[in-house]
Trainee: 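Structure incoming, see below.
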Amino acid sequence: MTDPIGIDAITFSLPRSYVDLGDLAEARGVAADKYRLGLGVSQMAIAAGDEDPVSLAAAAGSRLLATSGRDPREIGFCAVGTETAVDHSKPVSSYVHGLLGLPSRCRVFETKHACFGATAALLSATEWIASGAARGRSALIIASDIARYEVGSPGEPTQGAGAVAMLVSARPRLVELEIGRSGSFARDVHDFWRPLHRKDALVDGKFSVQCYLDALAHAYRDWKEQFAGDEPLARTCYHVPYGKMAHKAHRMRCSLDGLDEAAADRDFETTVAPSLRFSAQVGNIYAGSLYLALASLLDAEAAALEGRRIGLFSYGSGCAAEFFAGRVAPGAAAMVASLELAAPLAPGARARLTIPAYEALRRDDVAADRRASEASSERPFAFLGVDPAERRRYMSPRE
Ligand code: HMG
């Protein structure tokens, strides 16, 4: 029998500020319940000028190595999934490789497919280990993004920012993945896109919801026909652009299993809701959203889920989707406790931005890319600005 392969450790990092969606609703003249209940979001993380996908990714990776007790020298594969990369050529993963002091004998790359990018990296890492190429080493997979839509647009309350880092290895301590057993679906659609010159994404909102649900139906059917077997899924984590989308997704999936809406809604409270607590306080973090849901689920229920099978659904606009499954590892609860998963959301860990301060940050962001951020330059991994040769500079804790 071969060793199980999967997620050994997980952590996330967030920007230091957030917007309360009650404040945003008031400023936009919208009922607060539309955001809280209609979308299922209460806060969204907002990145400042010195926080970018590199600094968020490095912070998440550094926290992962520190809390999991893993030595950076064990890493032989480092991939960052992002759709908000900082350069058309140099990958976020190269910056992360340097900032974390990873070994030079390491496969390092960035993946992009909207919110699916980190899943592509995660599945590649499991296959790298299964092929024998890892030779005992582990993979560091990081999903890092800043989700942005135009100020005042319908997408505005579904923004967010953050990075999720995962250690992938043989004999994982959190989730053993079912390798090579995904249901997949892809189609060329324009539901959500971001031309190279833009910082804010463009989206056909209602169409994007339909594309997500269609992709789920196809990927889930594909998985169910081939790999579901007789063991039901105790819980399912979905890609979470906002909590209500996961609710719609679960209804769709349950309908394919022959359940009516009332039964699906009852099932949702047990099998999906625990995975949505973190994202309700963070918003959409694109590539990391599914894995933030997994972190939320493990934080809430790892002890009860040890040995049980869970489902994972990844969706990236454009579009690509996979449905796959794993098993919560024996002893996962003890590992979860040592990772202190909820620490980035602890009271006092973040500051609440006023709406004028948030709008000022958004007006200022092009200038922020150009200059050093003097006020916060002591923060590890802070983006310090670009030098005269347009090279990005970061505060390295190792300098
Ligand atoms: P909207 O115009 O705010 O939609 O846009 P709405 O008016 O239909 O309202 C949303 C919900 O609030 C509705 O519930 C209303 O009934 C409810 P639903 O019918 O959906 O169940 N509502 C209320 N509820 C309680 N009290 C009230 C109240 N008023 C209304 N007073 C939309 C919503 C999501 C379209 C918009 O925010 C948007 O465009 N967001 C960005 C796109 C997005 O997140 N799409 C999700 C699927 S695509 C995806 O997940 C990929 C993505 O992550 C990108 C990637 O892959 O990289 C986005």
Side-chain angles (χ1 to χ4, degrees), residues 19 21-22 24-26 28-42 44-45 53 81-85 111-121 143-162 164 185-195 198-217 219 237-252 261 264-265 268 276 279-280 282-293 312-323:
V19 159
L21 286 183
L24 187 70
E26 195 181 337
R28 301 291 175 254
V30 167
D33 277 353
K34 174 168 178 181
Y35 295 164
R36 198 171 58 85
L37 304 174
L39 296 175
V41 220
S42 55
M44 59 186 191
T82 182
E83 57 178 294
T84 49
T111 51
K112 179 185 79 176
H113 185 133
C115 299
F116 181 76
T119 299
S144 185
D145 272 309
I146 296 178
R148 285 183 35 161
Y149 302 92
E150 266 176 35
V151 169
S153 71
E156 186 183 31
T158 66
Q159 299 177 117
V164 181
F185 176 74
R187 181 162 63 190
D188 179 6
V189 283
H190 257 104
D191 60 332
F192 166 105
W193 61 104
R194 187 170 66 85
R198 290 182 64 100
K199 281 207 162 192
D200 298 340
L202 296 168
V203 64
D204 187 343
K206 300 274 155 59
F207 180 54
S208 73
V209 170
Q210 197 50 53
C211 288
Y212 177 124
L213 293 174
D214 287 350
L216 168 64
C237 297
Y238 296 94
H239 168 55
V240 190
Y242 52 95
K244 182 70 151 308
M245 187 71 237
H247 198 158
K248 290 177 195 281
H250 195 61
R251 279 184 178 169
M252 158 62 78
E261 212 162 276
D265 287 354
F268 171 86
L276 301 178
S279 58
V282 173
N284 193 356
I285 57 168
Y286 289 160
S289 295
L290 167 62
Y291 303 102
L292 189 64
L312 296 152
F313 174 67
S314 179
Y315 176 76
S317 283
C319 69
E322 293 208 22
F323 195 99

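Just follow the structure's listing: the first ligand is 1, and inside any ligand the first atom is 1. Quick note: residue numbers are just sequence positions, from 1.
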Trainee: Return a yes/no value: protein heavy atom under 4.0 Å from atom 32 (C) of ligand 1?
Mentor: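 No.
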
Trainee: Mind checking whether L21 and S42 have side chains closer than 4.5 Å, heavy atoms only?
Mentor: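 Counting from C-beta outward, L21 and S42 never come under 4.5 Å.
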
Trainee: Closer than 4.0 angstrom: is that true for some heavy atom of Y35 and an atom of ligand 1?
Mentor: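 Distance cut 4.0 Å: Y35 fails for ligand 1.
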
Trainee: How far is atom 40 (N) of ligand 1 from the closest protein heavy atom, and which atom is that?
Mentor: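 Answer for atom 40 (N) of ligand 1: T158 OG1, 3.3 Å.
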
Trainee: Would Y286 count as being in polar contact with ligand 1, using the rule that some N or O on each side must be under 3.5 angstrom apart?
Mentor: no

Trainee: Is R28 salt-bridged to E156, cutoff N-O under 4.0 Å?
Mentor: yes

Trainee: Tell me which part of F116 gets within contact of ligand 1: side chain, backbone, both or neither, using heavy atoms under 4.0 Å.
Mentor: neither

Trainee: Do K248 and ligand 1 have an N or O pair less than 3.5 Å apart?
Mentor: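 By distance alone, the answer is yes.
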
Trainee: Do you know the tightest heavy-atom contact between Y238 and A293?
Mentor: O-CB, 4.0 Å

Trainee: Going from OH on Y315 to CG on D191, what distance comes out if it is rounded to the nearest 0.5 angstrom?
Mentor: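 Taking OH in Y315 and CG in D191, the distance rounds to 3.5 Å.
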
Trainee: Students should be able to answer this: which protein heavy-atom is nearest to atom 43 (C) of ligand 1, and at what distance?
Mentor: S208 OG, 3.8 Å

Trainee: Which one of C211, G283, C115, G155 has a non-hydrogen atom at the shortest distance from atom 55 (C) of ligand 1?
Mentor: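 Among C211, G283, C115, G155, the closest heavy atom to atom 55 (C) of ligand 1 belongs to C115.
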
Trainee: Roughly how far, to the nearest 0.5 Å, is CD of E150 from CD of Q159?
Mentor: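 Answer rounded to 0.5 Å: 10.5 Å.
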
Trainee: Do Y291 and T119 meet the criterion of a side-chain donor-acceptor pair at a distance under 3.5 Å?
Mentor: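 Result is yes, a qualifying pair exists.
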
Trainee: State the atoms of ligand 1, each with its element, that fall below the 4.0 Å cut-off from a heavy-atom position in Y242.
Mentor: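 In order of number, 34 (C), 44 (O), 46 (C).
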
Trainee: Of all the non-hydrogen atoms in the protein, which one sits nearest to atom 1 (P) of ligand 1, and at what distance?
Mentor: K34 NZ, 3.7 Å

Trainee: Taking heavy atoms and a distance under 4.0 Å, where does V203 meet ligand 1: side chain, backbone, both or neither?
Mentor: side chain

Trainee: Checking contacts here: is it the side chain or the backbone of A114 that comes within 4.0 Å of ligand 1, counting heavy atoms only? Could be both or neither.
Mentor: both

Trainee: In terms of relative ring orientation, are Y149 and F192 parallel, tilted or perpendicular, with 30° and 60° separating the classes?
Mentor: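 Y149 vs F192 ring planes: perpendicular.
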
Trainee: Flag N284 as yes when one of its N or O atoms lies below 3.5 Å from any N or O atom of ligand 1, and as no otherwise.
Mentor: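 Yes - when backbone and side-chain N and O of N284 are compared with those of ligand 1, one distance drops under 3.5 Å.
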
Trainee: Which of the numbered atoms in ligand 1 are below 4.0 angstrom from a heavy atom of K244?
Mentor: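 Contacts of ligand 1 toward K244, numbered from 1: 14 (O), 18 (P), 21 (O).
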
Trainee: Any atoms of ligand 1 less than 4.0 Å from a non-hydrogen atom of E83? List them with their elements.
Mentor: 55 (C), 57 (O)

Trainee: Give the atoms of ligand 1, by number and element, whose distance to some non-hydrogen atom of G205 is under 4.0 Å.
Mentor: 35 (C), 39 (O)

Trainee: To the closest 0.5 Å, what do you measure between CG (L24) and CE (M44)?
Mentor: 5.0 Å

Trainee: Identify, by atom number and element, the atoms of ligand 1 in contact range of A31, meaning under 4.0 Å from any of its heavy atoms.
Mentor: 31 (N)

Trainee: How would you list all residue pairs meeting side chain to side chain donor-acceptor pair (under 3.5 Å) that involve residues 202-212, not counting sequence neighbours?
Mentor: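 Side chain to side chain donor-acceptor pair (under 3.5 Å) check on residues 202-212 returns Q210-D214.
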
Trainee: Just how far is it from atom NE2 of H239 to atom CD of E322, taken to the nearest 0.5 Å?
Mentor: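 That separation rounds to 14.5 Å.
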
Trainee: To the nearest 0.1 Å, how far is atom 25 (C) of ligand 1 from its closest protein heavy atom, and which atom is that?
Mentor: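 Answer for atom 25 (C) of ligand 1: D33 O, 3.4 Å.
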
Trainee: What atoms of ligand 1 come within less than 4.0 Å of a heavy atom belonging to G316?
Mentor: 56 (O)

Trainee: Looking only at protein heavy atoms, which one is nearest to atom 58 (C) of ligand 1, and how far off is it?
Mentor: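 Here the nearest protein heavy atom works out to Y149 OH, 3.5 Å.
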
Trainee: Compare G38, A249, A25 and give the one whose heavy atom is closest to atom 12 (O) of ligand 1.
Mentor: G38

Trainee: P241 to ligand 1: N or O pair under 3.5 Å?
Mentor: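 Not met; the criterion fails.
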
Trainee: Compare every heavy atom of I285 with every heavy atom of D145, then report the nearest pair and how far apart it is.
Mentor: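 Result for this residue pair: CB-O, 3.5 Å.
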
Trainee: Look at the rings of F116 and H113 and say which category their plane angle falls in: under 30° parallel, 30 to 60° tilted, over 60° perpendicular.
Mentor: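 Ring orientation of F116 relative to H113: perpendicular.
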
Trainee: When rounded to the nearest 0.5 angstrom, what distance separates CG in L39 from CG in D33?
Mentor: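 Interatomic distance, L39 CG to D33 CG, rounded to 0.5 Å: 11.0 Å.
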
Trainee: Could you tell me which non-hydrogen atom of S289 sits nearest to which non-hydrogen atom of N284, and how far apart they are?
Mentor: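 Taking S289 first and N284 second, the nearest heavy atoms are OG-OD1, 2.8 Å.
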
Trainee: For G283 versus V41, what's the shortest heavy-atom pair and its separation?
Mentor: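 Looking at all heavy atoms of both residues, the closest pair is CA-CG1, 4.1 Å.
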
Trainee: Give me the nearest non-hydrogen protein atom to atom 53 (O) of ligand 1 as residue plus atom name, then the distance to 0.1 Å.
Mentor: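 Result: H239 NE2, 2.9 Å.
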
Trainee: Output yes when a protein non-hydrogen atom is found under 4.0 Å of atom 15 (C) of ligand 1, and no otherwise.
Mentor: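 Protein heavy atoms within 4.0 Å of atom 15 (C) of ligand 1 - there are none.
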
Trainee: For atom 51 (C) of ligand 1, what is the nearest protein heavy atom, given as residue, atom name and distance?
Mentor: S317 OG, 3.2 Å

Trainee: Of all the non-hydrogen atoms in the protein, which one sits nearest to atom 37 (O) of ligand 1, and at what distance?
Mentor: P154 O, 2.8 Å

Trainee: Do you know the tightest heavy-atom contact between A249 and L216?
Mentor: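 Minimum heavy-atom contact is O-CD2, 3.2 Å.
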
Trainee: Which of the numbered atoms in ligand 1 are below 4.0 angstrom from a heavy atom of K206?
Mentor: 2 (O), 4 (O), 6 (P), 8 (O)

